[in-house]
Every structure is written in C-alpha cells, then in structure tokens.
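Notes follow once the structure below has been shown.
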Amino acid sequence: MSYFTDLALQCIDGEWRPGSGSWDIIDFNPYNGEKLASITVATRDEVDEAYRAAARAQREWAATNPYTRRRVFERAIRVIEESEPQITEAIIAELGGTRHKAAFEIHMVKEFFREALQLSLNPLGEILPSSVPGKENRVYRDPVGVVGIISPFNYPFLLAVKSAAPALALGNAVLLKPHQSTPVCGGTLVAKVLEDAGLPPGLVNVVITDSAEIGDTLIEHPVPKVISFTGSDRVGRHVATVAGRNFKRVILQLGSNSGLVVLDDADVDYAVDAAVYSRFVNQGQLCMAANRIIVDRRLEPEFTAKFVERVSRLVVGDPEDPRTHIGPLINSRQAERVTAIVEQALAEGATALLHGAVDGNLVSPSVLTDLPRNSPLLHEEIFGPVALIIPVDGEEEAVRVANDTPYGLAGAVHSADIERGIAVARRIEAGMVHVNDSTVADEPTVPYGGEKLSGLGRLNGPQVVEAFTTTRWVSIQRERSEFPF
C-alpha cells in the first residue's frame, strides 16, 4: 500500500474519508520538496463527530475482557514487524528522518505496545482499612473515558503511540490530532496499525486539521477528560490554560534546554561520543537533546578539540542514504530559525568552532563557544544542529549553569566516580538525568517528564495509570451504623 495515498484521510468512527473543510494541508518531503499528499482539513463538526464516536465505543471497550484487549496489542506488534520496511520509508519521506532514526522510532513503538500488554492486565483497585467498625473501603481505578492526543513532528509515530497505547490498554478511547507536517506518521499510520490489529471501530479517531480551522474545539469539547500534548512550551501554556478553564486534566511534554555535564574526572573520549549523539540525533530536533555541553575547564581544551573533530565528520545529506547522520530539518521555517540563531550568537560575540552551511532544509552542524553570560541562547531551546560548549570551574559552577534555564526536562553527568555523578545528577533541576550516558533516553517502564517549563505530569510505567484513569471510592458497611439523628 502507499501510505501517502491510502492514509491521507481522516479516520472517524472507523471510516476513512476526506475532511469537509475549505482548504488542504499539503504534506511535503522535507529533503527534496516532493508533495506526498494533500489532505482536506477536518472541521469543528468532524471533531465533534469523532469525539462522540470515541465516547460511544469506549463504554463497550472498557467492559471488554482485559485479555481480549491485550490481544489487540500483540497483533499490533506483528503488524508493525510485517510492515517495517514501508514504515521506515514513510518516516524517511515525511520527517526527513535518517535510517538510524527510523529504526529507533519503530523499535520504541513496539516497546510501548509491549508495555501496553502488561497494562491491560494491571490491577486497578485496592482495599484500604477503615477506622469505622465493620466498614470496608475499596478504591477502584476506572478509565477516564476519552483522551485527546496532540502529537508533534519530530518523533510522531512514537509520541502518538506513547499516549495512545497505554490509554487504550487502560480502557479508554482516543482522538489523535497529528502535527500538520506529519499527518501520516503521527496520526493515520497509528490508526491503520490498530485497525489491522483488530481494534474495534471508533476507539481511535484521527482528525487532520489546524487551529485556524477548529480553534480550541479539540481541547474545549465536553467529551475528553484528559488532553495529552507534546510540543512547545508556548503552545503548551495555551493548552493548559484552555484545559484548566474547562476542568480537564493535562499531560504536557514540552521543550527543554538540556545540559550534558562533563566533570573533571570524566572519560573524555566517551563523554565526546555521548555529547555528539545527545546533540545531533535527529538533526537536534528532540526535546531531550543536549543544547548545552558544560565542561570542566581542566578538560575543556581536549574535549573541545575531540568534539569538533567528531562533529566535523558527521555526514549531512539524503536521509535515504544509510551513511547519513544528519538529514533535513522539518521545513524551511525551522532551517531559517536555526540559521538566525547562529548569526545572532556570532553577533553577540560567540566564537564558531564550526559554522554549518545551509542548503535548503539541510543545515550542517555548528559548534559555538565563548557565548556572553547574558546571551538569550543559553536559556532557549534550539531544536536544530547547533551545540554550545560552556567551560566551567568546578562542580558547583557546573550545577549552577545546568540549572540556569527555565526548562528542566533532561540532563546527563559524566564522571569516573559513579556516586559523585549521582550526587551531581540529583542537584540538577530536571525530571530525568543520566549518569555516564546520553541525555536522550526513554523506556516504557520509567517515569518520563520534566520540571519547570518542560511540562506537567509524567508518562510511562505506573505514571500512565495516574494519567489515564480516575479513582472511585466505594465503601461497604457490613455492620449496621448508628446515626446521631
């Protein structure tokens, strides 16, 4: 099948159909500019129809035997494995993702479906003691009902499944709105995989649209009880405001300005390898990417020389080519933004150890140092192939610099002394910090989420039960109560 022909449609209540809006979203290949698909946007009425379908389907799904639900996820894994070459090509074409990136994303999607197998059988209740004689307290965890999911463009297949799979496993239905740049990989591909796996119609609905068409309908609609959003902190703030005004729960996975700290006793060669990967994986279009590489001044000359040499050897080009490390940014707007960031830093007095060239949406790596302390770039998310090297004097300054940001998603600390590394990691104000590793890590069983402007709530592991269920207290009085009147 051709994903960009067969899946360039809305999926509402099990029906694949065009939207009825007055304009089209054009899906382009960011590397060569090829038009992949044209998709007429969904309207407010179609969003309403999708949410109503989800609510109807969810009631029966929640009552379905958990072992029956579990089998859907087993089959979904097989569907992905059988379609892996086609899914790989779709990720390369729609995202400009490299073959390494596509393989990683597909692997992680399967891992999240495997975790959904376990969640389907998760015990969703407990019995609590009571101070009242003869009383039994039961606390049930019920599905929230319908979850609205808004997925981003950078890892669209993975980040849609990351919320959709656990939500479905726990008995919910979902409505998924993918990013306009990745409507297939971030939306309809997920619906197709689950449809082929035997998921009943209406439980996954995909609307391809834009706020210019539907406003805040996706968030304000009365059906969804939880909104799971991944994207920028600017949009996330708006999502939280609208959701809060309508008494909805939100899970926000937002931007970051992660720091990779290299202490004075670190293995320099290994730290260089970790830093190169942490900064340049997926062209730096990753919230966990290491914007800032914070290096003790004793190691900085050696580290910087080796880092620049390694980065200079990264291959920039066609993501179809297995040798390519860095493919295109998602669109020209992002390429122009990253170019402007580098020029701004140089105008402020930064030194370019590498100054990357720009060819369409291909942006070669830049490595900057000597940024003035008041540079806004030190506090922003870059979301592109630009690395900042920041020398520091000792552990205390390293921690201070790492925390000098409004974000707090991820980080890493490199040290020969594991306990020292742990102690420093625990002082970094981030939801996830990794000792002697990359800043880029995700596992379905481990809490994922950030502090400060990097988001609200956590996904993965037991945290998804908190995210996508609600508690209900049912008490049983086995002895007759005496009432005061």
Side-chain angles (χ1 to χ4, degrees), residues 73 76 80 87-88 90-92 94-97 101-116 119 147-169 172 174-194 204-208 218 226-233 235-236 239 250-256 258 281-289 330 334 381 383 409-410 431-432 439-450 454-461 463-464 467-468:
F73 304 114
I80 293 169
I87 296 173
T88 298
I91 290 172
I92 292 170
E94 191 171 52
L95 285 68
K101 189 267 189 190
F104 172 79
E105 185 164 7
I106 293 168
H107 165 74
M108 290 301 297
V109 166
K110 290 186 288 186
E111 289 300 298
F112 275 94
F113 275 127
R114 289 189 179 100
E115 181 62 15
L119 280 172
V147 177
I149 301 170
I150 305 172
S151 68
F153 69 78
N154 56 340
Y155 283 81
F157 190 31
L158 170 59
L159 295 178
V161 169
K162 189 182 180 75
S163 288
L168 291 164
N172 299 286
V174 302
L175 182 147
L176 175 58
K177 192 203 89 66
H179 192 279
Q180 300 93 304
S181 295
T182 50
V184 171
C185 292
T188 51
L189 174 59
V190 178
K192 180 60 177 172
V193 165
L194 287 165
V204 172
N205 299 271
V206 180
V207 290
I208 300 167
L218 203 81
V226 175
I227 303 295
S228 179
F229 170 82
T230 305
S232 72
D233 58 285
V235 178
V239 170
V250 291
I251 306 297
L252 301 177
Q253 304 291 326
L254 308 180
S256 191
S258 300
V281 64
N282 196 33
Q283 295 76 267
Q285 297 175 123
L286 179 63
C287 52
M288 294 178 284
I330 192 67
Q334 285 295 110
E381 183 175 44
F383 230 64
L409 182 60
M432 308 173 288
T439 59
V440 178
D442 192 3
E443 297 181 33
T445 58
V446 182
Y448 182 102
S454 287
L456 290 172
R458 296 290 188 270
L459 291 174
N460 302 4
Q463 280 64 34
V464 294
F468 300 132

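As the structure is a computational prediction, the values presented were derived from the model and not from experiment.
Taking every heavy atom of both residues into account, Ser151 and Pro178 meet most closely at OG-CA, 3.4 Å. Looking at every heavy atom in both residues, Ile87 comes nearest to Phe157 through CG2-CE2, 3.9 Å. Pairing each heavy atom of Gly96 with each of Gln283, the nearest pair is O-NE2, 3.5 Å. Nearest heavy atoms, Val161 versus Pro166: O-CD, 3.6 Å. In plain terms, the two heavy atoms of Ala160 and Gly186 that are nearest each other are CB-O, 3.6 Å. Taking every heavy atom of both residues into account, Asn154 and Cys287 meet most closely at ND2-N, 4.2 Å.
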Criterion side chain to side chain contact (heavy atoms under 4.5 Å, CB included) on Val250 and Val226, from CA distance to verdict:
CA-CA 6 Å; Val250 291; Val226 175; over 6 Å; no
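A search for side chain to side chain donor-acceptor pair (under 3.5 Å) contacts involving Ser163 returns Ser228, not counting sequence neighbours. Glu105 pairs by the side chain to side chain donor-acceptor pair (under 3.5 Å) definition with Lys101, not counting sequence neighbours. Taking Gln334 as the reference, nothing meets the side chain to side chain donor-acceptor pair (under 3.5 Å) condition, with sequence neighbours excluded. Not a single side chain to side chain donor-acceptor pair (under 3.5 Å) links Thr230 to another residue, sequence neighbours left out. Evaluation of the salt bridge (Lys or Arg N to Asp or Glu O under 4.0 Å) rule for Glu381 yields no partner, not counting sequence neighbours. For Asp233, the salt bridge (Lys or Arg N to Asp or Glu O under 4.0 Å) test picks out no residue, with sequence neighbours left out.
Contact of the Lys177 side chain with the Ile208 side chain is not registered, since no non-hydrogen atoms from C-beta on lie closer than 4.5 Å. The shortest distance between side-chain heavy atoms of Leu459 and Ile251 falls below 4.5 Å. Taking 4.5 Å as the limit, some side-chain heavy atom of Leu218 sits within range of a side-chain heavy atom of Val207. Between Arg458 and Tyr448 the shortest side-chain heavy-atom distance does not fall below 4.5 Å. Two residues are said to be in side-chain contact when any heavy atoms from C-beta on lie closer than 4.5 Å; Asn205 and Leu176 fail this criterion. Counting heavy atoms from C-beta on, the side chains of Leu168 and Val204 come closer than 4.5 Å. Residues Met432 and Leu409 are in side-chain contact: their nearest non-hydrogen atoms beyond the backbone lie under 4.5 Å apart. Annotation: side chain of Asn460 is in contact with side chain of Asp442 (closest heavy-atom distance under 4.5 Å).
Considering CD1 of Ile80 and CD1 of Ile106, their distance stands at 8.0 Å, rounded to 0.5 Å. We find the CG-SG distance between Leu95 and Cys185 to be 5.5 Å, quoted to the nearest 0.5 Å. Expressed to the nearest 0.5 Å, how far CD of Glu111 lies from CD of Glu443 amounts to 9.0 Å. Atom CZ of Phe104 is separated from atom CG of Asn282 by 10.0 Å, given to the nearest 0.5 angstrom. With rounding to the nearest 0.5 Å, the separation of CD in Gln463 from CZ in Phe468 is 12.0 Å. Interatomic distance, CG of Leu194 versus CZ of Phe113, reported as 4.5 Å (0.5 Å rounding).
Between the Ser232 side chain and the Val235 main chain, a donor and an acceptor come within less than 3.5 Å of each other. Formation of a donor-acceptor pair under 3.5 Å by the Ser454 side chain with backbone atoms of Leu254 is not found in this model. A donor-acceptor pair under 3.5 Å links the side-chain atoms of Gln285 to the main chain of Ile330, judged by distance alone. A distance-only check finds a donor-acceptor pair linking the side chain of Asn172 to the backbone of Ala167 [under 3.5 Å]. Between the side chain of Ser258 and the main chain of Ala410, a donor-acceptor pair closer than 3.5 Å is present.
Evaluated for a side chain to side chain contact (heavy atoms under 4.5 Å, CB included) with Tyr155, the options Thr182, Leu286, Val109 yield exactly one hit, Leu286.
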